[in-house]
Protein chains: 2
Amino acid sequence: MAQKLTLKKIAQDLGVSISTVSKALRDSHEISVETRSKIQEYAKKFNFKPNNIALSLKNQKTKKIGIIIPEIVHHFFATVIAGAERVANENGYQVIICLSGESFDKEVVNMDMLANGSIDGFIMSLSKETMEKQDFHHVREVMNQGMPVVMFDRVSDDINCDKVIIDDAGAASSAAEFLMRKGCKKLGLITTVDYITVGRLRTQGFKEALMKRGMDIVPGRILKIGDVEDAGLQIAAYIKEQDMDGIVAVNELFAVTASKAIQKIGKSIPKDVAVIAFTDGMLSKYASPTLTTIGQNGEEMGGLAAQKLIEKLESDSSNEESYETVIVKTSLVERESTP
Amino acid sequence: MAQKLTLKKIAQDLGVSISTVSKALRDSHEISVETRSKIQEYAKKFNFKPNNIALSLKNQKTKKIGIIIPEIVHHFFATVIAGAERVANENGYQVIICLSGESFDKEVVNMDMLANGSIDGFIMSLSKETMEKQDFHHVREVMNQGMPVVMFDRVSDDINCDKVIIDDAGAASSAAEFLMRKGCKKLGLITTVDYITVGRLRTQGFKEALMKRGMDIVPGRILKIGDVEDAGLQIAAYIKEQDMDGIVAVNELFAVTASKAIQKIGKSIPKDVAVIAFTDGMLSKYASPTLTTIGQNGEEMGGLAAQKLIEKLESDSSNEESYETVIVKTSLVERESTP
DNA sequence: ACTATTTGCGAAAACGTTTTCGTGCATGTT
DNA sequence: AACATGCACGAAAACGTTTTCGCAAATAGT
């Protein structure tokens, strides 16, 4: 277990001072060529790598970015992380991941832990509890300390920072419009309760599309799911009770659950009922029938978020406070569940 | 942008020395009660939190663990991370995630970056390329520096360290046995090429189960997939050509792809062909029909890996070099794809 | 009243870097 | 011979902590 090599040890072994070693390794002209190569060879031979912690302390930057998300076992978030990690790595950064598990308290604790020097900036998507409580003191606090924050997907208008989102309302509207163009007259929507921003916006977009076509908005055809646990039962009942020929679902799970319920009552997809889902993940690709989806391009969102964060980090911190909201285009992927 | 509070600033503001502040905040009896409470109140008021980097440097430990995995957009790995993150957090640790993207070089680079002081220990699953090359110098190197490593899932016998794996051969054997008990006579296997340890072991277990029952092993019924890209075509051809009444697949994707191919040629599941898959993820739960699976309990594996790593980290590092391999039980989840 | 003991606090080292500022010595210039 | 210049290197500060040690003053013990 060869102890970790430090400048100090090299200096001792070679009979020079620490500063000389440091300078030699950075190829400073202050050091004679012989001394320099002697030190460099020694360092190479014993595979010296400067200690990151010491560098962080000295430079007051860690080259790490913190990502706080509600869940990782969720295809969309996983793709976001993948994108963020890629861009971070390309720029010499590493990512530290913390999961809030949709809990406000855990989100706060995690942020506090990371904010004390562990990272240079945050990428985050708010937990359900946080959105419900509308309590954002923790993110305000880290921003006050001069730590940049980029939010994605689950964002809040109450916080002034860079954001990366998709045009939820617009995408939901296009989805409904797409179904109507295919001939659907009785559209349904399976969405979340309103305090989840994305659910609310998608509901709003859905309604707008119907209104634009002058169609009635039938309240019963809009199902808002609060407790995901018994989504299955709620959706089954909803499918049985409502007479619809097209359904928009705000996520894959709702869509595939609905799809199964539809087939169970003897209707066929897409002939009797067309289905379109948000989030282009594994389920949509492999469900039966495969689902037409609105892809959220998570990889791209993650990449953009990292990009923006790193830009903020590397610009003169003395710069003006200007925040931007990037809207990532969604992509409609047509599969078997629509005509 | 209130500058980050430090001991030094508190000391200046209160007209005492840095050491006094430090001691007061740790409730040392060396400091008088008045001074202590004065300092503590001040610290609380301005929300002082000690700088993690400085602590890391001082204590020579970061309270962070590095996780290196091939992919994150993969349900199994996501569950492992979730489990590791949970246990890590419970013990005051944080996780840093690096993705190798199945590339040897990226695995090496990432390990090198993390090994220079950023973390206290590693949890990792080897990339495909690494397993193919059989080059493990990078993990040996960090181990030589006294940094503990715990491997999971994709491990190597050539490396001596703690490991967390499932009993792949045993699980594959039970899967085959399960199908035979249900009356299947002509079993097929969809697996990976042999240099992926888990694929090899599952293949081996599958064969053992057949031999134990005295059944012939028909080479054509064992499909080894190397390039995942055209797995679809290979599986479709295989299903068409071979006459089988039961199939074991080493992952969900292969299983659901096979399942679709089977239904496409007009056979019914599970009546004509029974299907059983490894990895109990989203696909199995929502495919049509839903799949009987062998759950790998990724959450548990991640948790155990973190547990073992933290134990190693917190024991006297002077302890004996004893390594353990934990075998996590698999769980058979019966669904519609088997009789 | 003189010595022990306790009390309350500060100085300084250490962790591993980088960087600024000397400093001693050889060389070059008058 | 006197002085400026350049070269090659070392000392020390700084980043923010914790901790050991030392020291002065106050208290206690005879």
Side-chain angles (χ1 to χ4, degrees), chain A residues 3-40 42-43 46-64 113 115-120 145-147 317, chain B residues 3-40 42-43 46-64 113 115-120 145-147 317:
Chain A
Q3 262 319 302
K4 193 74 185 123
L5 202 54
T6 68
L7 290 188
K8 199 186 201 175
K9 270 177 225 136
I10 300 183
Q12 282 170 352
D13 293 356
L14 261 42
V16 293
S17 80
I18 298 182
S19 0
T20 306
V21 178
S22 175
K23 288 171 188 163
L25 292 178
R26 335 196 88 238
D27 245 336
S28 158
H29 285 283
E30 281 186 61
I31 308 299
S32 72
V33 185
E34 311 104 81
T35 316
R36 242 189 286 166
S37 51
K38 181 179 69 175
I39 293 176
Q40 288 174 358
Y42 191 92
F46 294 104
N47 193 29
F48 171 80
K49 299 265 175 51
N51 181 301
N52 265 326
I53 300 284
L55 286 179
S56 295
L57 186 58
K58 181 92 183 79
N59 302 332
Q60 297 289 78
K61 50 184 58 172
T62 61
K63 291 292 218 170
K64 303 202 194 315
M113 296 212 56
N116 298 307
S118 295
I119 59 164
D120 296 338
Q145 283 171 180
M147 188 167 280
S317 60
Chain B
Q3 262 318 302
K4 192 74 185 131
L5 201 55
T6 67
L7 290 188
K8 200 185 198 174
K9 268 178 225 135
I10 300 183
Q12 282 170 352
D13 293 356
L14 260 42
V16 293
S17 80
I18 298 182
S19 0
T20 304
V21 178
S22 174
K23 288 171 190 166
L25 292 178
R26 333 196 89 238
D27 244 337
S28 159
H29 284 284
E30 282 186 62
I31 308 299
S32 72
V33 186
E34 311 103 83
T35 317
R36 243 188 285 166
S37 52
K38 181 180 70 178
I39 293 177
Q40 287 174 359
Y42 191 92
F46 295 103
N47 193 28
F48 170 79
K49 298 266 174 55
N51 181 300
N52 265 327
I53 300 285
L55 285 180
S56 295
L57 185 59
K58 181 91 183 78
N59 302 331
Q60 298 289 81
K61 51 184 58 173
T62 61
K63 292 291 218 168
K64 301 201 196 314
M113 297 211 57
N116 297 309
S118 294
I119 59 163
D120 296 339
Q145 283 172 179
M147 189 168 279
S317 59

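Every chain is numbered from 1, with letters handed out A, B, ... down the list of sequences.
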For atom NZ of B:K23 and atom C1' of C:dA11, their distance in whole Å: 10 Å
Candidate nucleotides C:dG16, D:dT17, D:dT18, ranked by approach to the side chain of B:S22 - the nearest: D:dT18
Among D:dT18, C:dC15, C:dG10, the nucleotide that comes nearest once only the side chain of B:T20 is considered: C:dG10
Results of side chain to side chain donor-acceptor pair (under 3.5 Å) for A:Q12 - residues two or more places apart only: none
Nucleotide C:dG8, atom C1' - distance to CG of B:L14 in whole Å: 16 Å
Side-chain touch B:Q40/B:D27, heavy atoms, less than 4.5 angstrom: yes
Residues forming a side chain to side chain donor-acceptor pair (under 3.5 Å) with B:S37, sequence neighbours excluded: none
Protein-nucleotide distance (B:L7, atom CG; C:dG10, atom P), rounded to Å: 13 Å
For DNA chain C, the residues among residues 48-59 of chain B that have a non-hydrogen atom under 4.0 Å from it: B:L57, B:K58
Protein-nucleotide distance (A:K4, atom NZ; C:dT17, atom C1'), rounded to Å: 13 Å
d(CG, B:L25; P, D:dT19) in whole Å: 13 Å
5' precedence on DNA chain C between A:R26 and B:T35 (nearest-nucleotide basis): B:T35
Length of the line joining A:K61:NZ and C:dT17:C1', which is rounded to integer Å: 16 Å
Rounded interatomic separation in angstrom, taking NZ from B:K38 and P from C:dG8: 14 Å
Among C:dC15, D:dA11, C:dG10, the nucleotide that comes nearest once only the side chain of A:K8 is considered: C:dC15
A:R36 and A:H29: CA distance, side-chain angles, deciding distance, side-chain contact (heavy atoms from CB on, under 4.5 Å) verdict: CA-CA 9 Å; A:R36 242 189 286 166; A:H29 285 283; 3.8 Å; yes
pair B:K4-A:N116: side-chain heavy atoms closer than 4.5 Å: yes
Residue mapping more 5' on DNA chain D - nearest nucleotide basis, B:E30 or B:I18: B:I18
Check: A:I53 main-chain N/O paired with A:N51 side-chain donor or acceptor under 3.5 Å: yes
A:K64 versus B:S118, side-chain donor and acceptor atoms under 3.5 Å: yes
Distance, rounded to the nearest Å, where A:I31 contributes CD1 and C:dT19 contributes P: 13 Å
From C:dC15, C:dC9, C:dT19, nucleotide with atom closest to B:Q60 side chain: C:dC15
Sugar-phosphate only, base, or nothing, as touched by A:S32 at under 4.0 Å among non-hydrogen atoms: sugar-phosphate
